[in-house]
2 protein chains.
Amino acid sequence: MASLRKTDRRTEDEAHIEAPDLEEFIGYNLKRAYVIVQADFRRALGEDGFAPRVFSALSLVVQYPNVTQSGLARMLGIERSGLVAIVDELEGRGLIKRTNVPGDRRVQALVPTAKGKTSYVEARAVVRAHEDRLLSNLSTEEKATLLTLLGKIRSHED
Amino acid sequence: MASLRKTDRRTEDEAHIEAPDLEEFIGYNLKRAYVIVQADFRRALGEDGFAPRVFSALSLVVQYPNVTQSGLARMLGIERSGLVAIVDELEGRGLIKRTNVPGDRRVQALVPTAKGKTSYVEARAVVRAHEDRLLSNLSTEEKATLLTLLGKIRSHED
DNA sequence: GGAAATTGTTTACTAACTTAACGATATGAT
DNA sequence: ATCATATCGTTAAGTTAGTAAACAATTTCC
């Protein structure tokens, strides 16, 4: 039978106790998992490496040259005002440039520079290595399953 | 054969184009999925409802009464300085209280009030309903699989 | 041609942290 | 016993990653 003491302190062994209620929530587990992956990403890319969102933006500019900032913001799921600093950083590093689009003087198409393209390919290799290492306790199939399940959640985007 | 034009603009159809490189990364998908779940959590709990981290803290205090702030911070994976505002909010709402621990005057054990316990049970029901609704396109088995896979990532905690 | 929408940008704000320091207290080594 | 060390909760200041609102310039829609 369990103890009946009203003043059960239970402060011993905190580190080993599970937290049943929280552990059942997908949201809580997503957050905790993301914190780990993101921290390892930053460690892998180093002090002057890309932050995750900057890497993502560069990836899209390399893959979709001439994307507009509005289009890029939409793809990343953030406000276009929030994209300005990211584009500033990438342009400041000489990895992309803002170019005029003939026919619409409001928009500035984003194109990767040669340096931007090679930097991206290098960074992508580092990111792949980071995920391979960090997630080496997941099989290839498990990783594919995880992507599928996360994709089902992401189906609620927009 | 694909187009050979060097100046291929490709700005049309942005909304429908996939982003192959990014989509293969677990970290990117985790982030995008978490943003959706977290936003729906906040919508479900409403204007004056708990923020996710406050809900998590209350959950742990209810389940582990007399936990210390340091212990709680460790469980949540954040610095104890960051917990002060969370505990302030919960105490300010009359849901938990800081109590003296005889034998160690440095620590303040956290205990839920009666109101805190009932508020938690109610909030937990709302959170469960939010996840059930949002994740209704995942089967029970898929949700269990997802928790297992996220748990494998979380095995890197500490 | 005039109203409405869109683009990139700035400014101001917020949330959710971190790091470093602090005084108070407790613990451990000798 | 005392001195060094560690721990507790807290504050203060800084960082990161955003959002919301407004703006001029430009384009699109009747």
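Within every chain, numbering begins at 1; the chains are lettered A, B, ... in the order of the sequence lines, protein sequences first and strands thereafter.
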Starting from [atom2] on [N], measure out to [atom1] on [X] and report it in whole angstrom.
{"X": "B:Q38", "N": "C:dA16", "atom1": "CD", "atom2": "P", "answer": "8 Å"}
{"X": "A:R80", "N": "C:dT10", "atom1": "CZ", "atom2": "C1'", "answer": "12 Å"}
{"X": "B:L76", "N": "C:dT18", "atom1": "CG", "atom2": "C1'", "answer": "16 Å"}
{"X": "B:E89", "N": "C:dC17", "atom1": "CD", "atom2": "P", "answer": "13 Å"}
{"X": "B:R42", "N": "C:dT14", "atom1": "CZ", "atom2": "P", "answer": "15 Å"}
{"X": "B:Q69", "N": "C:dT25", "atom1": "CD", "atom2": "C1'", "answer": "16 Å"}
{"X": "A:R106", "N": "C:dA5", "atom1": "CZ", "atom2": "C1'", "answer": "8 Å"}
{"X": "A:L83", "N": "C:dT7", "atom1": "CG", "atom2": "P", "answer": "13 Å"}

| In terms of hydrophobic clusters joined by side-chain contacts under 4.5 Å, are B:V111 and B:V87 together? |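 B:V111 and B:V87: separate clusters.
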| query | In terms of the angle between their ring planes, are B:F50 and B:F55 parallel, tilted or perpendicular, with boundaries placed at 30° and 60°? | reply |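 Answer is tilted, since the angle falls between 30° and 60°.
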| field | Of B:V62, B:T118, B:L60, the residue whose pairing with B:P112 passes side-chain contact (heavy atoms from CB on, under 4.5 Å) | value |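 Between B:P112 and the candidates, side-chain contact (heavy atoms from CB on, under 4.5 Å) is satisfied uniquely by B:V62.
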| task | Dump the intermediate steps for side-chain contact (heavy atoms from CB on, under 4.5 Å) on A:Q38 and B:K31, then the final yes or no. | result | CA-CA 9 Å; A:Q38 180 254 39; B:K31 166 78 178 285; over 6 Å; no
| query | Are the side chain of A:E131 and the backbone N or O of B:I26 linked by a donor-acceptor pair below 3.5 Å? | reply |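 Pair found, side chain donor or acceptor close to backbone of B:I26.
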| task | Please confirm whether the backbone N or O of B:V54 pairs with a side-chain atom of B:E89, one donor and one acceptor, at under 3.5 Å? | result |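 A pair under 3.5 Å: no.
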| request: Mind checking B:E79 for me? I need base, sugar-phosphate or nothing, with any heavy atom below 4.0 Å counting as a touch. | output: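 Since a base atom lies under 4.0 Å of B:E79, the category is base.
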| message | Regarding C:dT19, can its base be found pairing with the side chain of B:S81 as donor and acceptor, where the two atoms are less than 3.5 Å apart? | response |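 Side chain to base: pair present.
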| task | Name the residue closer to the 5' end of DNA chain D, choosing between A:D104 and A:R53 according to the nucleotide with the nearest heavy atom. | result |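 Residue closer to the 5' terminus by nearest nucleotide: A:R53.
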| message | Please determine whether a side-chain nitrogen or oxygen atom of A:R98 lies at a distance below 4.0 Å from atom OP1 or OP2 of C:dT9. | response |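 The answer is yes; a side-chain N or O of A:R98 sits under 4.0 Å from OP1 or OP2.
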| Would you say a side-chain N or O of B:R105 is under 4.0 Å from OP1 or OP2 of C:dA26? |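 Yes.
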| query | Any side-chain heavy atom of A:N100 sitting closer than 4.5 Å to one from A:R105? | reply |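 Of all side-chain heavy-atom pairs linking A:R105 with A:N100, none is under 4.5 Å.
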| field | Contact boundaries on DNA chain D for chain A, cut-off under 4.0 Å to non-hydrogen atoms | value |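 Terminal contacting nucleotides, 5' to 3': D:dA17 to D:dT27.
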